[in-house]
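Computed from a prediction, not measured in an experiment: that's the story for all the values here.
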Amino acid sequence: MLSIIQAAGWPIWPLIACSVVALALVLERLYHLRQPLVAPPALIDEVLAVTRTSLPGTDVVDKLAQNSVLGRVLAAGVRSVIADPRITEEQLRQAFENAGRTAVHGLERYLNTLGTIAAAAPLLGLLGTVIGMIEIFGSQAPTTAGSGGNPQQLAHGISVALYNTAFGLIIAIPALMFYRYFRGRVDEFQLMLEVAAQRMVPHLMRFAVRT
């Protein structure tokens with residue numbers, strides 16, 4: 001690997017930095033976009049059961065908010081009803097919507113960076129290719145009258161051109177695949193949050209004081 005890096009020249013160092021950042025982002029998102037941390041399947045049913053007859057206390061709501069991303073969204077709606085017993089359905093839906101936007105924004109964290117790396121890695125590889133081609137053409141210039149190009153410099157230019165192109169594609173392809181995968185996961189979780197909020201609105205409105 002060290003010999004490949006040396007043969008590829010200095011243009012490969014930005015690609016190595018991109019690969020390290022991309023790997024760190026992929027591992028971080030794989031951990032934080034797990035379903036138990038975002039939307040536990042049985043959480044909405046448990047909340048409906050707890051609030052069947054009365055609204056829970058503050059400590060229970062705080063515990064719900066710490067459970068998961070879905071828990072924070074549901075806790076926001078429960079807090080809205082507790083804080084304003086005369087809340088309207090439109091205001092409650094707005095509270096859920098605001099909490100949901102904040103939650104989705106957190107789920108999308110670092111995805112733009114990963115997408116940027118997926119788009120920039122081939123361009124960085126192309127930059128290394130151009131630099132390698134420049135070295136190739138430079139090696140063909142006669143150094144003295146009647147002498148040919150430098151074979152060693154020619155080989156180095158070819159190495160720079162090929163290694164950087166290959167390394168750029170090796171980074172970009174997995175990064176793009178994981179970016180698309182994470183986008184799909186976020187969209188799936190967003191739908192689950194919306195469905196849970198829709199179920200909670202009529203349930204919580206039973207505790208609102210009618211004017």
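Under a hydrophobic-cluster definition in which Ile, Leu, Val, Met, Phe, Trp and Tyr are linked whenever side-chain heavy atoms come within less than 4.5 Å, directly or via other members, Ile170 and Phe178 are assigned to different clusters. Neither Val50 nor Val73 shares a network with the other; the hydrophobic side chains, linked directly or stepwise wherever heavy atoms of I, L, V, M, F, W or Y lie under 4.5 Å apart, form separate groups for each. Residues Leu123 and Ile131 are members of separate hydrophobic clusters, defined by side-chain heavy-atom contacts under 4.5 angstrom among Ile, Leu, Val, Met, Phe, Trp and Tyr. Under the 4.5 Å side-chain heavy-atom criterion for ILVMFWY residues, a single connected hydrophobic cluster contains both Tyr110 and Leu107. Val60 and Leu55 are assigned to two separate hydrophobic clusters, defined by single-linkage of ILVMFWY side chains at heavy-atom distances under 4.5 Å.
Residues Val201 and Glu89 come closest through the heavy atom pair CG1-CG, 3.7 Å. When all heavy atoms of Ile44 and Ala196 are compared, the pair lying nearest together is CD1-O, 3.9 Å. Heavy-atom minimum distance, Pro40 versus Leu70: O-CD2, 4.3 Å. In plain terms, the two heavy atoms of Ser68 and Pro36 that are nearest each other are CB-O, 4.0 Å. In terms of heavy atoms, Ile82 sits closest to Pro56 at CD1-O, 3.7 Å.
No side-chain N or O of Arg72 forms a donor-acceptor pair with one of Gln66 less than 3.5 Å apart.
His105 contributes no side-chain N or O that, together with a main-chain N or O of Arg101, makes up a donor-acceptor pair within less than 3.5 Å. For the pair Asn164 (side chain) and Ile12 (backbone), a donor-acceptor distance under 3.5 Å is present.
To the nearest 0.5 Å, the span separating CD1 on Ile16 from CD1 on Ile171 amounts to 8.0 Å. In this structure, CG on Leu30 lies 8.0 Å from CG on Leu33, to the nearest 0.5 angstrom. Annotation: the span from Thr51 atom OG1 to Phe207 atom CZ amounts to 5.5 Å, rounded to 0.5 Å. Note that CH2 of Trp13 is 15.0 Å distant from CG of Leu124, once rounded to the nearest 0.5 Å. Here CG of Asn112 is found 6.0 Å from OG1 of Thr116. Values are rounded to the nearest 0.5 Å. Atom CG in Leu64 sits 6.0 Å away from atom CG in Leu43 (nearest 0.5 Å).
For Gln94, the side-chain hydrogen bond (donor to acceptor under 3.5 Å, both in side chains) partners are Asn98, not counting sequence neighbours.
Side-chain contact check for Val78 versus Leu204: some heavy-atom pair is nearer than 4.5 Å. Between Ile87 and Ser80 the shortest side-chain heavy-atom distance falls below 4.5 Å. Within the 4.5 Å cutoff, side-chain heavy atoms of Thr88 are placed close to those of Gln91. Contact of the Arg183 side chain with the Leu111 side chain is registered, since non-hydrogen atoms from C-beta on lie closer than 4.5 Å. In this structure, Arg180 and Met177 have side chains that are not in contact, with every pair of non-hydrogen atoms separated by 4.5 Å or more. Between Asp187 and Leu191, every side-chain heavy-atom pair lies at or beyond the 4.5 Å cut-off. The shortest distance between side-chain heavy atoms of Val104 and Val69 does not fall below 4.5 Å. In this structure, Met192 and Gln35 have side chains that are in contact, with non-hydrogen atoms separated by less than 4.5 Å.
The cationic group of Arg34 lies under 6.0 Å from the six-membered ring centre of Tyr31 and within 45° of the ring axis, placing it in a cation-pi geometry.
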Going through the checks in order, is the side chain to side chain contact (heavy atoms under 4.5 Å, CB included) test met by Leu48 and Met200? CA-CA 8 Å; Leu48 292 175; Met200 284 293 294; 3.6 Å; yes
Please assess Glu90 against Arg93 for the test salt bridge (charged side-chain N to carboxylate O under 4.0 Å, His left out), listing each intermediate value before the final yes or no. CA-CA 5 Å; Glu90 182 180 356; Arg93 291 184 182 276; over 6 Å; no
Pair Arg79-Asp84, salt bridge (charged side-chain N to carboxylate O under 4.0 Å, His left out): steps then yes or no: CA-CA 8 Å; Arg79 284 174 177 150; Asp84 184 10; over 6 Å; no
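Around CZ of Phe189, the count of heavy atoms belonging to other residues, nucleotides or ligands within 6.0 Å exceeds 12.
Salt-bridge check for Asp45 with Arg199: passed, with a basic side-chain N closer than 4.0 Å to an acidic carboxylate O.
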